[in-house]
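All values below come from the heavy atoms of this structure, side chains included, with hydrogens, waters and symmetry mates left out.
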Amino acid sequence: MDSTPIIIDCDPGSDDALAIILAIKAGMDVKAICSVTGNGRIDTTTRNACNILSLCDRSDIPVYRGSVAALNQEVPETVDAFGDDGLGGYADSIASDKTEESVPAVDFLVDYVIAHPGEVTLFAIGPCTNVALAIRRSERFAPSLKRLIIMGGAKSTGNMSPVAEYNFWADPLAAHEVLQAGIRDVTMVGLDVTNRIALDCEHREIIRMTGTPISRFVYDITREGLEDNWRTRRKAVSPLHDVLTVAYYLNPCILDVRPAYIDVVTEGIARGQSIVDLDGHWNEGRCNAKYAAAVNVQDFFDLFLSTVFGV
């Protein structure tokens, strides 16, 4: 079992829920969940995080409430593809007594990472606001991280504009500051690969037929995303974006990653666009991250289905 301490900073959210579930089912050493506004307001994402952990019989994992607003103090528009409750209308089906911690997420992040230098892998699978604030709070935070895996951005597509992915679009300044912070090991897992692993009807039906509380929950919460994709794009698939970060951590061969210099446009018509300079060609060979360029879809589903559902 991997003993690397893991923190998941997220905005649950159906795809965040799947990332949390996969991490727990795989036996990863999840030390905490931090919430942020994104797939819902902060009350919603924090409550969802607590209840997802309870569903997984891991109420011992603490949840820390994170940022209400982006770095510019504006509350970002929330995602509606997963329903008003972020979980496709099924948040109440996993309601529990678990509550959040009294310590704010940014305080926890700074204190824990600095107390464990070079040890912590941080997943940032919502807007990067909490991570950016932690970087601002202490100059020791960024160099103390072992690894950062981000779900955000894209090289060639967008879902909030022709060029911008939601997590970067919701707080582009935060994404920019995180990528420019000098963290030693950063991977950007964006829409170029996450769109490829969208849950189709066949795999969704396999999940339903396993007949466990978690499989029923996953089947239910992915319905709204599937129906939204059908209404808007005539594609019968449900988004799974965030879970790919955890799958990649568990099996790096799932993604083909390339060194790149990555930055984010912070304002204007291209707000939230990630600029991916492969091999640092336009930056004198300097690279600040790894870019996920391709995904082995079959390997992803083999890992996801076997680890979470035993099939």
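- With 3.5 Å as the limit, one finds no donor-acceptor pair spanning the side chains of Asn48 and Asp85.
- At least one donor-acceptor pair closer than 3.5 Å links the side chain of Asn229 to the backbone N or O of Val237.
- Residues satisfying the salt bridge (charged side-chain N to carboxylate O under 4.0 Å, His left out) criterion with Arg47, sequence neighbours excluded, are absent altogether.
- Annotation: side chain of Ile254 is in contact with side chain of Val295 (closest heavy-atom distance under 4.5 Å).
- Under the ring pair (Phe, Tyr, Trp, His ring centres under 6.0 Å) criterion, Tyr112 pairs with Phe108, His116, sequence neighbours left out.
- For Asn296 (side chain) and Asp299 (main-chain N/O), a donor-acceptor pair under 3.5 Å exists by modelled atom type.
- When the shell of 6.0 Å around CZ of Arg184 is examined, it contains more than 12 heavy atoms from other residues, nucleotides or ligands.
- A distance of 6.5 Å separates CG in Asp220 from OG in Ser93, rounded to the nearest 0.5 Å.
- Using a 4.0 Å cut-off between a side-chain N of Lys or Arg and a carboxylate O of Asp or Glu, Glu100 and Arg65 qualify as a salt bridge.
- Trp230 and Ala236 make their closest contact through CE3-N, 3.9 Å (heavy atoms, listed as atom of the first residue, atom of the second, distance).
- Side-chain contact between Pro12 and Ile52 is present, with heavy atoms from C-beta onward closer than 4.5 Å.
- At a threshold of 4.5 Å between non-hydrogen side-chain atoms, the residues Met151 and Leu191 count as touching.
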Assess whether side-chain contact (heavy atoms from CB on, under 4.5 Å) is satisfied between Ile61 and Lys31, documenting all intermediate values. CA-CA 6 Å; Ile61 297 174; Lys31 296 298 186 184; over 6 Å; no

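- Inter-residue side-chain proximity for Leu122 and Val131 is flagged as met; some heavy-atom pair is nearer than 4.5 Å.
- Residues Ala49 and Ile33 come closest through the heavy atom pair CB-CG2, 3.9 Å.
- Nearest heavy-atom pair, Thr45 versus Val36, reported as atom, atom and distance to 0.1 Å: OG1-O, 3.1 Å.
- Under a hydrophobic clustering in which Ile, Leu, Val, Met, Phe, Trp and Tyr are joined whenever their side-chain heavy atoms come within less than 4.5 Å, directly or via other members, Ile8 and Leu303 fall into the same cluster.
- A donor-acceptor pair is defined here as one N or O able to donate and one able to accept, closer than 3.5 Å; such a pair exists between the side chain of Asp277 and the backbone of Asn283.
- Annotation: side-chain hydrogen bond (donor to acceptor under 3.5 Å, both in side chains) contacts involving residues 149-170, sequence neighbours excluded, comprise Ser156-Asp192.
- Side-chain contact check for Arg223 and Tyr90: at least one donor-acceptor pair (N or O, by modelled atom type) lies under 3.5 Å.
- Between Leu179 and Ala289, the shortest heavy-atom contact is CD2-CB, 4.4 Å.
- A salt bridge links Asp279 and Arg258; the closest N-O separation between the charged side-chain nitrogens and carboxylate oxygens is under 4.0 Å.
- Each of Asp107, Ile114, Val113 was evaluated against Val110; a single residue qualifies, Ile114, per the side-chain contact (heavy atoms from CB on, under 4.5 Å) test.
- In this model, no donor atom of one side chain and acceptor atom of the other lie less than 3.5 Å apart for Ser67 and Thr129.
- Rounded to the nearest 0.5 angstrom, Asp242 CG and Cys10 SG are separated by 8.0 Å.
- Connection of Met160 to Val265 is not established within any shared hydrophobic cluster, with ILVMFWY side chains joined at heavy-atom distances below 4.5 Å, either directly or through further cluster members.
- In this structure, the side chains of Ile207 and Leu199 come closer than 4.5 Å at one or more pairs of heavy atoms.
- Atom SG of residue Cys128 and atom CG of residue Asp9 lie 8.0 Å apart, to the nearest 0.5 angstrom.
- The aromatic rings of Phe123 and Tyr249 sit perpendicular, their planes meeting at an angle over 60°, well past the 30° parallel limit.
- The hydrophobic clustering, which links ILVMFWY residues whose side-chain heavy atoms are closer than 4.5 Å, places Val218 and Val311 together.
- Asn51 and Ser96 share a side-chain donor-acceptor pair at under 3.5 Å.
- The side-chain contact (heavy atoms from CB on, under 4.5 Å) test applied to Ser59 returns Ser54, Lys98, not counting sequence neighbours.
- A distance of 9.0 Å separates CD in Glu119 from OG in Ser3, rounded to the nearest 0.5 Å.
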Is there a side-chain contact (heavy atoms from CB on, under 4.5 Å) between Ile197 and Val243? Walk through the geometry before answering. CA-CA 10 Å; Ile197 57 125; Val243 72; 4.2 Å; yes

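- A side-chain donor-acceptor contact under 3.5 Å links Asp16 to the backbone of Asp11.
- There is no path of hydrophobic side-chain contacts, each under 4.5 Å, that joins Ile21 to Tyr219.
- Atom CD of Glu205 has more than 12 heavy atoms from other residues, nucleotides or ligands within 6.0 Å.
- Listed by first and then second residue, the side-chain hydrogen bond (donor to acceptor under 3.5 Å, both in side chains) pairs involving residues 302-311 are Gln298-Asp302 (not counting sequence neighbours).
- Distance CD1/Ile125 to OG1/Thr194: 12.0 Å, rounded to 0.5 Å.
- The main-chain N or O of Ile6 is never found under 3.5 Å from a side-chain atom of Thr121 such that the two would form a donor-acceptor pair.
- The closest side-chain donor-acceptor pair between Thr78 and Arg41, if any, does not fall under 3.5 angstrom.
- Centroid-to-centroid, the aromatic rings of Phe300 and Tyr248 stay 6.0 Å apart or farther.
- Contact record, Asn130 with Ala105: ND2-CB, 4.3 Å, taken as the closest heavy-atom pair.
- The closest side-chain heavy-atom distance from Leu109 to Ile7 is below 4.5 Å.
- By the side-chain contact (heavy atoms from CB on, under 4.5 Å) test, Thr266 is found to be paired with Leu173, His176, residues two or more places apart in sequence or in another chain being considered.
- In this structure, Thr37 contributes its side chain and Val68 its backbone to a donor-acceptor pair below 3.5 Å.
- Here the side chains of Arg137 and Val106 are in contact, with some heavy-atom distance below 4.5 Å.
- No more than 12 heavy atoms of other residues, nucleotides or ligands lie within 6.0 Å of CG in Asp97, so this atom counts as exposed by the packing criterion.
- In this structure, Pro172 and Val264 approach most closely via the heavy-atom pair O-CG1, 3.8 Å.
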I would like to know whether Leu240 and Leu18 meet side-chain contact (heavy atoms from CB on, under 4.5 Å); could you show each step before the answer? CA-CA 8 Å; Leu240 296 183; Leu18 297 178; 3.1 Å; yes

Taking it one step at a time, do Phe309 and Ile214 satisfy side-chain contact (heavy atoms from CB on, under 4.5 Å)? CA-CA 8 Å; Phe309 309 105; Ile214 288 178; 4.3 Å; yes

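- Note that CG of Leu87 is 8.5 Å distant from CG of Asn39, once rounded to the nearest 0.5 Å.
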Pair Thr222, Ser238 - check side chain to side chain donor-acceptor pair (under 3.5 Å), show working. CA-CA 6 Å; Thr222 54; Ser238 187; 4.7 Å; no

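- Residues Asp185 and Lys290 form a side-chain contact, since some pair of their non-hydrogen atoms from C-beta on lies under 4.5 Å apart.
- When hydrophobic clusters are built by joining Ile, Leu, Val, Met, Phe, Trp and Tyr residues whose side-chain heavy atoms come closer than 4.5 Å, directly or via intermediates, Val163 is not grouped with Val193.
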